[in-house]
Amino acid sequence: MKAMLDLVSRHKSGTPCGIYSVCSAHPLVIEASFVHALKSQLDVTLIEATCNQVNQDGGYTGMRPDDFREFVFAIADRVGFDRSRILLGGDHLGPNPWTSLTAEEAMKKADVLIEQYVAAGFRKIHADCSMSCVDDPVPLPEETIARRAARLIRIAEDTQARVGGEKCVYVIGTEVPVPGGAAEDLPELEVTTPDAALATIETHRAIFAELGLNDAWERVVGTVVQPGVEFDHHKVIDYKRSKAVRLSRAIEFLPGILFEAHSTDYQTPKALKELVEDHFAILKVGPGVTFALREALWALDAIEQEWIPEDKQSRFRKITLERMAAEPRNWAKYYHATGPELRFDLQYSLSDRIRYYWPDAAITAAQETMFDNLGTNPPPLALISQYLPDAYAAIRGGGLALTPANLVIAHIGATLDGYQAACTPMNVVSPEPAYA
């Protein structure tokens, strides 16, 4: 993970640089990330999986860590993005998927989880043991969290020594909703206090030292804090740098450590830039890019309805909503409206619970039909301009080939543009779009 250590060093030396992390398991989102990285001439791109997406039991994607690695590498090979430029990260790695068990039972599962991630080549590891298990107090004491994290990092270190390759870099702490997002509407957020952030770092440092993990501590590159950004079903809480000044300054005197900001989805390009400048230099995005994916798929459905004869249409959007109604387990505890309001949330909630349904067999089949329809009978540019203006601009100005997948990829890429601009210092000029 030399690239991450170099990034931290450059940022600490005064260059307001950062890196964005795409946390998704959808093939079109992963492909869009690599296409965007090629377009932007990035040296590396960071792709992460969460403990709920990918684990030894398959997670909700059905993939184990080595499956996810091969899945990502296959897409990179097809796009022409060199595997050596891919950084794989594991997010919220800890007992979260197994909190219905006792703490020791859940931690034994987390032990296996961390070993499998590192053995599969993941080298950016967020050790997150902040969640209470069935026999734990709520909330967990800071020392308990740190000791459990250190336990996992010891396993990560031992696994890396056994399998070889680059040593891991680590992220500690958590000041965000559990993986999957907030379940309820959110009030205005409290920014993490400097004292709390520094106490988390010091508690972890002391326990690492006690357990002989000093070398690993030198590779702790980030701590997760709440800079005052979040979203719920219908609104975005925007970054206000004036509220985060004290927190931002608190990290300036600690060598080697930056802040990692989760839930940066839907922030404006200006806010993203300010986050990086204020040392929240690792920006995580997940629902923001899958929301863009859903926008593009809904747009293709609208184009299909206008362009393809009715008897040949895929009914993609209709089938997706039918499957969500038939299988509510992935949204029922999040959405509490009824009638038209529920139908709205199923499609347009910013928490984007629809992302859990894309692998459904009926939805996948409908998507393939829609792509086949629009691939064999390409829509006119006027319809693309109407429903997907960013993709239209890429076709007209960047030479993008007119395929349904490319239209989706270009739309997602427009979201990533804001992240790339935020992470690129002002004296570095990003290249113009250049789609093959």
Side-chain angles (χ1 to χ4, degrees), residues 50-52 55-57 89-118 122 124-159 168-183 189-227 247 250-251 254 256-257 259-263 284:
T50 70
C51 60
N52 287 337
N55 59 48
Q56 64 265 38
D57 301 325
D91 199 23
H92 293 290
L93 300 190
N96 185 70
W98 306 288
T99 53
S100 61
L101 304 176
T102 66
E104 185 53 31
E105 289 171 332
M107 285 301 297
K108 286 180 179 177
K109 299 280 279 186
D111 292 344
V112 175
L113 174 74
I114 205 96
E115 180 179 13
Q116 288 195 4
Y117 264 81
V118 176
F122 291 72
K124 177 183 176 290
I125 302 297
H126 174 209
D128 181 6
C129 298
S130 61
M131 57 290 299
S132 296
C133 298
V134 70
D135 58 343
D136 278 328
V138 181
L140 279 182
E142 187 80 59
E143 182 175 349
T144 301
I145 295 170
R147 286 194 178 278
R148 290 178 183 178
R151 166 177 168 168
L152 297 184
I153 288 172
R154 166 60 69 194
I155 293 170
E157 291 286 282
D158 291 345
T159 303
C168 299
V169 297
Y170 299 106
V171 173
I172 59 172
T174 183
E175 282 278 354
V176 291
V178 296
L189 291 177
E190 292 296 326
V191 174
T192 303
T193 66
D195 288 346
L198 295 176
T200 292
I201 294 170
E202 176 55 25
T203 301
H204 281 75
R205 186 207 61 76
I207 289 172
F208 275 47
E210 176 190 328
L211 299 178
L213 288 167
N214 290 312
D215 185 61
W217 182 256
E218 295 300 315
R219 286 176 275 112
V220 173
V221 296
T223 183
V224 178
V225 293
Q226 176 51 269
L247 177 60
I251 204 75
L254 290 178
I257 299 179
F259 289 131
E260 178 167 286
H262 291 219
S263 301
K284 305 296 288 295

Task: Salt-bridge criterion met for R147 and E143 (N-O under 4.0 Å) - done: yes
Task: Under-4.0 Å salt bridge between E202 and R205 - done: yes
TODO: For P227 and V191, work out which heavy atoms get closest and say how close.
DONE: O-CG2, 3.6 Å
- [ ] Check L101 against A106 and note the closest heavy-atom contact, atom names and distance.
- [x] CB-N, 4.1 Å
Task: Gap between atom CD of E105 and atom SG of C133 - 0.5 Å precision - done: 9.5 Å
Task: Gap separating the CG atom of L93 from the CD1 atom of I114, nearest 0.5 angstrom - done: 4.5 Å
- [ ] Can you measure from OG1 (T102) to CG (D135) and round to the nearest 0.5 angstrom?
- [x] 5.0 Å
Open item on the list: Tell me whether H126 contacts the main-chain N or O of G173 through its side chain, where contact means a donor paired with an acceptor under 3.5 Å.
Closed with: yes
Task: Atom pair OG1 (T223) and CD1 (I251), whose distance is rounded to the nearest 0.5 Å - done: 7.0 Å
TODO: Report yes if the side chains of S100 and V134 come closer than 4.5 Å at any heavy-atom pair, otherwise no.
DONE: no
Open item on the list: With heavy-atom distances below 4.5 Å as the criterion, would you say the side chains of T144 and R148 are in contact?
Closed with: yes
Task: Residue among P139, S130, S132 satisfying side chain to side chain contact (heavy atoms under 4.5 Å, CB included) with I145 - done: S130
Open item on the list: Check whether R154 reaches the backbone of L211 with its side chain - one donor and one acceptor, N or O, closer than 3.5 Å.
Closed with: yes
Open item on the list: Is it the case that the side chain of T50 and the backbone of D91 share a donor-acceptor pair, with hydrogens and angles ignored and the cut-off at 3.5 Å?
Closed with: no
Open item on the list: Within the 3.5 Å criterion, strictly below it, is a donor on D57 or W98 matched to an acceptor on the partner's side chain?
Closed with: yes
Open item on the list: Ignoring hydrogens, what is the shortest heavy-atom contact between T200 and I172? Give both atom names and the distance.
Closed with: O-CD1, 4.5 Å
- [ ] Please name the residue in the list E157, E218, H204 that meets the side chain to side chain donor-acceptor pair (under 3.5 Å) test with Y170.
- [x] E157
- [ ] Kindly give the heavy-atom pair with the smallest separation between C51 and N96, and that separation in Å.
- [x] SG-CB, 3.9 Å
TODO: Would you check if the side chain of Q56 reaches a backbone N or O of K109 as a donor-acceptor pair within less than 3.5 Å?
DONE: yes
TODO: Could you walk me through whether L247 and F259 pass side-chain contact (heavy atoms from CB on, under 4.5 Å), step by step?
DONE: CA-CA 10 Å; L247 177 60; F259 289 131; 3.6 Å; yes
Open item on the list: Please give me the minimum heavy-atom distance between W217 and I201, naming the atom from each residue.
Closed with: CH2-O, 3.4 Å
Open item on the list: Under 3.5 Å, is there a donor on one side chain and an acceptor on the other for D195 and T193?
Closed with: no
Open item on the list: Using every non-hydrogen atom in the two residues, find where A110 and P95 come nearest and quote the distance to one decimal.
Closed with: CB-N, 3.9 Å
Open item on the list: Nearest 0.5 angstrom please: I125 CD1 to T159 OG1, how far?
Closed with: 9.5 Å
